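Structure first, commentary second.
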Amino acid sequence: MRRLTHAGLVAPLAAALALASAAHAATPGSAIFLHPDGMGANTWNALRLREVGPDGRLAWDALPALAIYVGPMLDGVAATSNGGATTHAYGVRAETASFGMVGGRVPVAASGKPASLMREAQAAGRKVAILNSSTLTEPGTAAFLASVADRDDEATIAAQILEARPDIALGGGEMFFLPRGVRGRHGEGARTDGRNLVREARRAGYTVVYTRAELAALPKSVKRVLGLFAHEHTFNEFDEATLAAKQLPVFQPQAPRFDEMLAFILDRLRDAPQGYLVVGNEEGTDNLSGENNAPGVLDAAAGADRAIALALAETRRNPALTVVVASDSDNGGMNATGDDLDEPEDLPRPLPARTASGSPLDSDNGQPFLSAPDARGVRQPFYVTWASDSDSAGGTVVRATGPGAARIHGTVDSTAVYRALYLGLFGRDIP
């Protein structure tokens, strides 16, 4: 077998960068960054089993560029959602507590400018949009537009998002856009400064919508949209037993799912003359992992994969589009396995709540989950084990396609997400 030397890697990379530059010269670059939070490669494997079976392939599998993602913080081995998002937005390492700041101030980005990737894209004439299955103040998207000293200062984050004037912002968190004492569509406001950001948004030219039906009913001529689809998250953050006891679904029915929000955005932005940047965060995959809720995580992950399919379809229309998909952590350490299912003396039925080593075990009410049919038409049994209820540093990967994907190969630092998106948007490779 021929060993691939450093020189053997440089030539293909140089060719890819030349193609990226040529694509940008022909058409203004656009980019989509999708962040299915908390999803490690093991979570994608469990989703593959459930959705398409052991022999099937997800939309995620069709992204051609792949790299191991290494994402420590300046002061820790595992990323927080806010610290990781700051790195994605600016292309520089951040502290654990960072939210659009490093060392207490807005950082100079890897491009050399004191602005996030989204702010720089706006300044260059790109249309921009954010979407989040959690609140719009959740850092996976908000750190691209807001900078605060405290992640919990969600009133300030909401105000900064509105002041940044994204073309479209879709998610939950109505409570942070309304003052206390003011009843919104989904509940009472939480702001203590008296500002009514919904009223301010309408004055700034936004059409404000609150439900999936209202979003779907908007004519295509409406370009500037603020969607506030829930009081806080658009999902119900509980484990299976609590959801059943409260008689709640995983996803709130009035809210559009992650892929539906992306479809709406792409329908409005795909023809932007100077291109666009879309940043989306599926938070259900992270928060429901923290609850060790395997069915809920996989439902959220399926929506993220449908969104990837939409983005891939867009690349076929627009060769100048870069798509990057990455998480900054592996929440819960979710793993699918069928070990000992054929040995009831070792794994009795109904399946226990924990393995012999003490790991939480997730099943379908005591019975194994069943995969989608394999190539023989057989549905394979499996169950899920959990390692924890929080973020961990292992098992994360980044995948990509389009001009910026030249930056995604081998093992990369979390800052490579920014560099891939920047290359796709502006045709400039940042070392």
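Predicted, not measured: the structure shown is a model, and the values here were computed from it.
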At their closest point, which heavy atom of [X] faces which heavy atom of [Y], and how far apart are they?
X      : Y      : answer
Asp362 : Phe369 : O-CE1, 3.4 Å
Met261 : Pro256 : CG-CG, 3.7 Å
Asp37  : Thr285 : O-OG1, 2.6 Å
Arg50  : Pro295 : NH1-O, 3.8 Å
Ser371 : Pro54  : OG-CD, 3.8 Å
Ala79  : Asp391 : O-OD2, 3.8 Å

- Query: Within a radius of less than 6.0 Å around CZ of Arg199, do more than 12 heavy atoms belonging to other residues, nucleotides or ligands occur?
  - Reply: no
- Query: Got a sec: does the CZ of Arg105 have more than 12 other heavy atoms crowding it under 6.0 Å?
  - Reply: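 Open: at most 12 neighbouring heavy atoms sit under 6.0 Å from CZ of Arg105.
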Quick check for you: to the nearest 0.5 Å, what is the distance between [X] atom [atom1] and [Y] atom [atom2]?
X      : Y      : atom1 : atom2 : value
Thr137 : Met175 : OG1   : CE    : 8.5 Å
Thr87  : Glu95  : OG1   : CD    : 9.5 Å
Leu310 : Glu260 : CG    : CD    : 10.0 Å
Phe144 : Asn281 : CZ    : CG    : 9.5 Å
Asn335 : Asn42  : CG    : CG    : 4.5 Å
Leu269 : Glu314 : CG    : CD    : 9.5 Å

Below 4.5 Å, heavy atoms only, C-beta onward: do [X] and [Y] meet side chain to side chain?
X      : Y      : answer
Val108 : Val92  : no
Val70  : Thr411 : yes
Phe382 : Thr337 : no
Asn293 : Trp386 : no
Leu170 : Val225 : yes
Val324 : Leu34  : no
Thr192 : Arg180 : yes
Leu361 : Arg354 : no

- Item | Step-by-step side-chain contact (heavy atoms from CB on, under 4.5 Å) determination, Val398 to Val325 | CA-CA 6 Å; Val398 53; Val325 178; over 6 Å; no
When you measure from the side chain of [X] to the backbone of [Y], do you find a donor-acceptor pair of N or O atoms at a distance under 3.5 Å?
X      : Y      : value
Thr86  : Gly100 : yes
Thr135 : Gly172 : no
Glu51  : Leu47  : no
Thr322 : Leu421 : no
Ser30  : Tyr276 : yes
Gln254 : Phe229 : yes
Arg317 : Arg270 : no
Arg48  : Arg57  : no
Ser133 : Glu283 : yes
Asp239 : Thr242 : yes

- CA sep, side-chain torsions, deciding dist, call: Met334, Val297, side-chain contact (heavy atoms from CB on, under 4.5 Å): CA-CA 10 Å; Met334 179 186 197; Val297 170; 4.0 Å; yes
Below 4.0 angstrom, N of the basic side chain to O of the carboxylate: do [X] and [Y] qualify?
X      : Y      : result
Arg191 : Asp193 : yes
Lys127 : Asp271 : no
Glu120 : Lys113 : yes
Asp429 : Arg419 : no
Glu200 : Arg195 : yes

- Query: Could you go step by step and tell me if Arg306 and Glu282 meet the salt bridge (charged side-chain N to carboxylate O under 4.0 Å, His left out) rule?
  - Reply: CA-CA 12 Å; Arg306 292 193 298 270; Glu282 173 51 76; over 6 Å; no
- Step-by-step side-chain contact (heavy atoms from CB on, under 4.5 Å) determination, Arg268 to Leu218: CA-CA 11 Å; Arg268 265 68 183 173; Leu218 288 179; 3.9 Å; yes
- Residues that Phe238 engages under ring-ring contact (aromatic ring centres under 6.0 Å, His included), provided they are two or more places apart: none
- Apply side chain to side chain donor-acceptor pair (under 3.5 Å) to Tyr90 and Ser111, showing your working. CA-CA 8 Å; Tyr90 289 87; Ser111 68; over 6 Å; no
- Message: Is it the case that the side chains of Asn331 and Asp286 hold a donor-acceptor pair, with the cut-off being a distance below 3.5 Å and no angle test?
- Response: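 The answer is yes; a qualifying pair exists.
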- Query: In terms of side-chain heavy atoms, does Ser134 have a donor or acceptor partner in Asn132 at a distance below 3.5 Å?
  - Reply: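 The criterion, which ignores hydrogens and geometry beyond distance, is not satisfied for Asn132 and Ser134.
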- Query: Yes or no on side-chain contact (heavy atoms from CB on, under 4.5 Å) for Leu178 and Asn196, after CA distance, side-chain angles and deciding distance?
  - Reply: CA-CA 5 Å; Leu178 293 172; Asn196 186 324; 3.4 Å; yes
- Item | Verdict with reasoning, Thr96 to Asp75, per side chain to side chain donor-acceptor pair (under 3.5 Å) | CA-CA 6 Å; Thr96 301; Asp75 55 355; 2.6 Å; yes
- Kindly state whether the ring of Tyr418 and the ring of His88 have centres lying under 6.0 angstrom apart.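 Ring centroids of Tyr418 and His88 are no less than 6.0 Å from each other.
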- Cation-pi, Tyr206 ring and Arg224 (6.0 angstrom, 45 degrees): yes
- Message: Ring of Phe251, cation from Arg257 - is the NZ or CZ under 6.0 Å from the centre and inside 45° of the axis?
- Response: yes
Give the table of side-chain donor-acceptor pairs shorter than 3.5 Å for residues 161-168, with sequence neighbours excluded, one pair per line with atom names and distance.
unit_1 : atom_1 : unit_2 : atom_2 : d
Arg165 : NH1    : Leu162 : O      : 2.4
Asp167 : OD2    : Val128 : N      : 2.9

- Task: Give the ring-plane orientation class for His233 versus Phe235, where under 30° counts as parallel, over 60° as perpendicular and anything between as tilted.
- Result: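 Parallel, since the angle between the ring planes stays under 30°.
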- Message: Just to verify, what does Asp305 make a side-chain hydrogen bond (donor to acceptor under 3.5 Å, both in side chains) with, not counting sequence neighbours?
- Response: none
